[in-house]
Amino acid sequence: MGFRFDVITLFPELVESVVASGMPRRAVEQGAVELHCWNPRDYTKDKHRTVDDRPYGGGPGMVMKADCLLDTIRDVKRNSSGKVIYLSPQGQPLTQSAVRDMSKQESLTLLCGRYEGVDERVIELAVDEEWSIGDYVLSGGELGAMVLIDAVSRLLPNVLGHQDSAEQDSFSNGLLDCPHYTRPELVGGLGVPSVLKSGNHAEITKWRKQQSLGRTQKRRPDLLEGKELNEEELNLLSDYLKVSLKKEAD
Ligand SMILES: C[S@@+](CC[C@H](N)C(=O)[O-])C[C@H]1O[C@@H](n2cnc3c(N)ncnc32)[C@H](O)[C@@H]1O
C-alpha cells in the first residue's frame, strides 16, 4: 500500500494536477502514493451547497463553515488514520526535516482553506498540526497541499530513480547543495571546475563538501548557526572563503 494523501479542497481538479506529471505521477503509477480528494461542497445540506458565510463581528471576506468541513473530516477518518494538517500562513514554517518526518508516516489528511480561512472551531476540534509554506499569503491552501505532496513523495522508498539523490539535496544534511554541471564542457565561455573532470572521487567529494559549506555560509548563514563543524569542514570553509574574498577583490 502506498502513502495515502487525503486532501479536503473546494478545487480537487487543481490538487489532482500535482500527480499529472513528473515524479508525483510516477509515484502514483508505481503505487507508492495514493491521492484522494474530498470536496466539502458535497457535505453541504442546503440547496445552494453553501460552504462559506460572513464572519461574526463583521469585516471583509467570508469564512469556511464548520459543519461541512467537520463532516468531511469525519468521512475521511473512516478511510485514513493520518494526522489532519491545516495549510495556513499561521502554521509552523515547513522545512525539509518536517517533510522527512511526515514521509515516515503512512498517510496524511490535508485541509485547504479558502477565503479568510476556516472557522476556528474546525482547527480546535479536528486539526492536529498547522503548517505554512512561507511568509506570504496565498488565496487557498491547495498550492501548499501540492507542495507537501511533492516534497513527501520524493522521499518515499524507490520513488526517485537514483536512491542517493534526495540525500544530496539542499537541507538534507543541513547544508545547501553544491553546484552541478553537465555537457558540453564550455557554455558561454565558462568551463567546468577541473576537479570534476579528474576522476579522483575523493577529491570530488571534498570539493562538493567545500562548495556546500561555502554556499551555505554565503547564502544561508542561519543554517550553519548551531551546527558543529569538524576540523576538516572548518578548513574547507575557510579555504573557500579565502578564495571567494580574493575573487571579489580582483
Ligand atoms: C487568504 S488565505 C487566509 C489568510 C488568513 N486570513 C490569515 O491572514 O492568516 C486562504 C487560505 O490559503 C491558505 N494559505 C494562505 N497562505 C498560506 C501559506 N503561506 N501556507 C499555507 N497555506 C496558506 C490557507 O489554507 C488559508 O486558509
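Order of listing sets the numbers, starting from 1, for every ligand and every atom in it.
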Region of Glu116 that comes within reach of ligand 1 [heavy atoms, distance under 4.0 Å]: both

Sub-3.5 Å N/O-N/O distance, Trp131 and ligand 1: no

Test salt bridge (charged side-chain N to carboxylate O under 4.0 Å, His left out) applied to Asp222 - qualifying residues, sequence neighbours left out: Arg220

N/O separation below 3.5 Å, Gly144 to ligand 1: no

N or O contact, Leu87 vs ligand 1, cut-off under 3.5 Å: yes

Rounded distance [0.5 Å steps], CG in Leu110 versus CE in Met146: 12.0 Å

Side chains of Asp135 and Pro89 in contact at under 4.5 Å (non-hydrogen atoms): no

Check: Leu111 N/O within less than 3.5 Å of ligand 1 N/O: no

Test of proximity, Leu138 against ligand 1: N or O pairs below 3.5 Å: yes

Shared-cluster residues of Leu213, by chain and number - hydrophobic side chains joined below 4.5 Å: Leu175, Leu224, Leu229, Leu234, Leu236, Leu237, Tyr240, Leu241

Tyr86 N/O to ligand 1 N/O under 3.5 Å: yes

Between Ser244 and Lys218, a side-chain donor and acceptor under 3.5 Å: yes

